[in-house]
**Student:** 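Attaching a single structure in structure tokens format; questions to follow.
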Amino acid sequence: RLNSELDMLRSAPKSNGEDSSEMLQREVAQVEERRRREQLEAQTKLKDMEADLSRAQALLQERDAALASEGDQRVNGLQAALATEQERCSALQSAHDSLDASRRDLEE
């Protein structure tokens, strides 16, 4: 947009008057100054967005690490519960085998 304004001002027909030339130069300078300001604003916005992205990535990494740690803790808890249940099952199986052997002895 600013480039087209600048091109239009530069290609405008030049009158013989000194005033119109000075006015045109001022207008060109204003357009160029606006362009510089808009470029600076765009660069600032870009830097802000990059900083926001960096913070979001760091937060995501922290959350991923927390979830992994929480998952590990759950797995460890479940493995401990499974080991306990396997011990109980083994004890019940031994008791059942012992009871079954006693029953056979009584039947004989």
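Fair warning: this is a prediction, and the values are worked out from it, not measured in the lab. Every heavy atom of this structure was used, including side-chain atoms; hydrogens, water molecules and symmetry mates were not.
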**Student:** Working to the nearest 0.5 angstrom, can you tell me the gap between Ser98 OG and His96 NE2?
**Tutor:**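 Spacing of OG (Ser98) from NE2 (His96) equals 10.5 Å.
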
**Student:** Among pairs that include at least one residue of residues 45-57, which meet side chain to side chain donor-acceptor pair (under 3.5 Å), considering only residues two or more places apart or in two chains?
**Tutor:**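 Pairs touching residues 45-57 that pass the test: Asp52-Arg55.
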
**Student:** In Å, rounded to the nearest 0.5 Å, how long is the span from CD of Glu85 to CG of Leu92?
**Tutor:**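 Those atoms lie 9.5 Å apart.
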
**Student:** Please round to the nearest 0.5 Å and tell me the distance separating atom CZ of Arg63 and atom CG of Leu67.
**Tutor:**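 Interatomic distance, Arg63 CZ to Leu67 CG, rounded to 0.5 Å: 9.0 Å.
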
**Student:** Tell me which one of Asp105, Leu106, Leu99, Asp100 satisfies side-chain contact (heavy atoms from CB on, under 4.5 Å) with Arg103.
**Tutor:**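 The residue from Asp105, Leu106, Leu99, Asp100 that satisfies side-chain contact (heavy atoms from CB on, under 4.5 Å) with Arg103 turns out to be Asp100.
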
**Student:** Donor-acceptor pairs under 3.5 Å, side chain of residues 73-81 to any protein atom, not counting sequence neighbours: which ones?
**Tutor:**
{"unit_1": "Arg74", "atom_1": "NH2", "unit_2": "Glu70", "atom_2": "OE2", "d": "3.0"}
{"unit_1": "Asn76", "atom_1": "ND2", "unit_2": "Asp72", "atom_2": "O", "d": "3.3"}

**Student:** Is it the case that the side chain of Ser69 and the backbone of Ala65 share a donor-acceptor pair, with hydrogens and angles ignored and the cut-off at 3.5 Å?
**Tutor:**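 Absent.
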
**Student:** How long is the straight-line distance from CD of Gln25 back to CD of Glu27, given to the nearest 0.5 Å?
**Tutor:**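 Separation between the atoms: 11.0 Å.
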
**Student:** Got Gln30 and Glu33 here, is their nearest side-chain heavy-atom distance under 4.5 Å?
**Tutor:**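 Not in contact.
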
**Student:** Given the rule in the salt bridge (Lys or Arg N to Asp or Glu O under 4.0 Å) test, do Arg35 and Glu38 qualify, once you have shown the distances and angles that lead to the verdict?
**Tutor:** CA-CA 5 Å; Arg35 179 194 298 164; Glu38 287 182 1; over 6 Å; no

**Student:** Would you find a donor on one side and an acceptor on the other, under 3.5 Å apart, between the side chain of Ser94 and the backbone of Ser90?
**Tutor:**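 Looks like yes, one N/O pair under 3.5 Å.
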
